[in-house]
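Bear in mind the structure is a predicted one, so any value in this text is a computation, not a measurement. Sequential numbering from 1 along the given sequence is applied to the chain's residues. Worth knowing before you read on, the calculation uses all heavy atoms, side chains too, and leaves out hydrogens, waters and symmetry mates.
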Amino acid sequence: MLLGLRSHFQSIKSRRYQHSQTRSISEGILPEIIGDRSNIFIRESPSKGRGLHAQRKIPCGETILKEDPFASWPDLGELVPSCRCCFAHLSSKRDTCKSCSSLYCGPQCQMKAFNSYHEFLCNKIEGTQAPASALIQSSGPRKLPLIAAKIYASILAGVQQTNSFASTWEKLLLLDHAKGDRIPSSDRWPKDYESFHKDFLESSPTNAKFFNYDWFHRVMSILIVNSFFIRQHDASRLQTFQDGTGLYILSSFFNHSCAPNAEYFFENSHQMHIRSTRDIQQNEEITIPYIDLDLPVHQRQQMLQSTYGFECKCE
């Protein structure tokens, strides 16, 4: 696996990943992500960068898309036990990883997790040994450093299974500019990377060479601008739970509006649902709210500027 990883990274090292960043829609990567969805397309939005638009008229109340996350991390403090793969709330029936005791809603989710990432996280930052993890301790309540580690595991899983990291890395690179050129940073990231290195890279100099701090910073920058909180509503208890945080490749292309024409929500899993809240005309941009729209205008503007790096023009 390490030889495959080395050859793939060396083949693009001299290009600094620029080919992946600048691939046009016609080269196939964006149509691949949109798939067979005939109701939406991606194009440039004035002053916003790329955004999702309606391919046809979309009536109010229509489900525009459903999307599973590229990577996600559950809220381990949640009182309701949930599946580590899909975040579905668990009943008494559940499957358990024999090595680390991670919980799953069934064998399908357990196998999907193992093949996608869990093999490289088991007894590191997932399972009964997780409290001893340097990254778990460094992250505290923050999920993004853990999602970055999960992306690392997904890349290794992809290389192991297909001898290619393209299916993971190239999709992630699309989000380098999904919301423009805003590149946020945090003075906590060097410490996070130190902990990530201790948990995953100390025994693997080859991996450490490629998954360096520049890689970690780039992934964290993508995550902080594009991630969504995953909140599920429990009608029986009239409560809404934050079940975790997720990164959604296609849904990251939805731009914000304080007067949106669509909303997103979750139904007992980490799958995101996007639904129109009014009629959307053909070619009209589809927008969602990034923040609580009940907040005063100045608070919304401040939050959008500090978190997403753009100035809201709403009045």
Side-chain angles (χ1 to χ4, degrees), residues 16-17 21 48-49 69-78 117 121 124-126 130-155 168-169 171-202 207-231 242-249 251-256 270 289-292 295 298-312:
R16 304 292 296 172
Y17 309 107
Q21 285 183 308
K48 293 183 178 181
F70 178 81
S72 60
W73 195 265
D75 185 346
L76 298 181
E78 178 53 66
Y117 59 84
L121 303 183
K124 290 184 180 291
I125 60 173
E126 286 193 338
S133 156
L135 188 58
I136 291 285
Q137 294 176 16
S138 170
S139 300
R142 295 176 301 128
K143 305 295 187 300
L144 300 190
L146 303 173
I147 297 177
K150 196 169 185 178
I151 290 171
Y152 158 82
S154 297
I155 291 174
T168 301
W169 187 236
K171 288 179 181 178
L172 189 66
L173 287 182
L174 283 174
L175 302 187
D176 255 356
H177 303 292
K179 292 187 173 73
D181 296 323
R182 301 176 293 276
I183 305 176
S185 188
S186 169
D187 57 7
R188 303 179 72 171
W189 292 356
K191 176 62 175 177
D192 291 333
Y193 179 74
E194 181 181 322
S195 300
F196 167 74
H197 187 281
K198 182 177 181 179
D199 282 349
F200 294 99
L201 302 175
E202 278 189 346
N207 284 6
K209 177 181 179 181
F210 301 117
F211 296 100
N212 54 26
Y213 181 71
D214 287 342
W215 175 88
F216 186 81
H217 185 280
R218 190 172 195 177
V219 171
M220 289 293 290
S221 297
I222 291 171
L223 289 172
I224 199 170
V225 173
N226 294 283
S227 296
F228 291 84
F229 290 127
I230 299 171
R231 295 186 175 98
Q242 181 175 323
D243 285 328
T245 304
L247 177 69
Y248 298 79
I249 299 295
S251 295
S252 290
F253 285 90
F254 285 110
N255 284 314
H256 166 82
H270 62 184
Y290 290 175
I291 58 175
D292 183 356
L295 293 172
H298 72 278
Q299 282 189 250
R300 298 203 306 266
Q301 291 174 332
Q302 185 179 36
M303 289 180 65
L304 291 167
Q305 179 67 56
S306 61
T307 304
Y308 300 100
F310 66 85
E311 182 180 358
C312 178

Determine the minimum heavy-atom distance between [X] and [Y], stating which atoms define it.
{"X": "Met220", "Y": "Leu144", "answer": "SD-O, 3.7 Å"}
{"X": "Lys198", "Y": "Ala134", "answer": "CD-CB, 3.9 Å"}
{"X": "Tyr193", "Y": "Asn212", "answer": "OH-CA, 3.1 Å"}
{"X": "Leu135", "Y": "Pro145", "answer": "CD2-O, 3.7 Å"}
{"X": "Asp292", "Y": "Arg300", "answer": "O-CD, 3.7 Å"}
{"X": "Tyr290", "Y": "Asn255", "answer": "OH-CA, 3.4 Å"}

Rounded to the nearest 0.5 Å, how far apart are [atom1] of [X] and [atom2] of [Y]?
{"X": "Leu223", "Y": "Leu146", "atom1": "CG", "atom2": "CG", "result": "10.5 Å"}
{"X": "Leu121", "Y": "Ser133", "atom1": "CG", "atom2": "OG", "result": "10.0 Å"}
{"X": "Ser195", "Y": "Arg188", "atom1": "OG", "atom2": "CZ", "result": "11.0 Å"}
{"X": "Phe70", "Y": "Leu175", "atom1": "CZ", "atom2": "CG", "result": "8.0 Å"}
{"X": "Ile147", "Y": "Ile222", "atom1": "CD1", "atom2": "CD1", "result": "12.5 Å"}

May I ask you to test the [X]-[Y] pair for a side-chain heavy-atom distance under 4.5 Å?
{"X": "Ile151", "Y": "Tyr117", "result": "no"}
{"X": "Tyr152", "Y": "Val219", "result": "no"}
{"X": "Arg218", "Y": "Leu173", "result": "yes"}
{"X": "Lys150", "Y": "Ser72", "result": "yes"}
{"X": "Pro190", "Y": "Glu194", "result": "no"}
{"X": "Glu126", "Y": "Trp73", "result": "yes"}
{"X": "Trp169", "Y": "Trp215", "result": "yes"}
{"X": "Asn207", "Y": "Phe200", "result": "no"}

Exercise. Checking side-chain contact (heavy atoms from CB on, under 4.5 Å) for the pair Asp199/Lys124: CA distance, chi angles, key distance, verdict?
Worked result: CA-CA 7 Å; Asp199 282 349; Lys124 290 184 180 291; 5.5 Å; no

Problem set entry | Gln137 atom CD, over 12 foreign heavy atoms within 6.0 Å |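 Above 12, so yes.
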
Exercise. Are the ring centres of Phe196 and Phe211 closer than 6.0 Å?
Worked result: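 No, ring centres 6.0 Å or more apart.
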
For this session: Starting from the C-alpha separation in whole Å, work towards a yes-or-no answer on side-chain contact (heavy atoms from CB on, under 4.5 Å) for Leu247 and Leu172.
Result: CA-CA 9 Å; Leu247 177 69; Leu172 189 66; 3.6 Å; yes

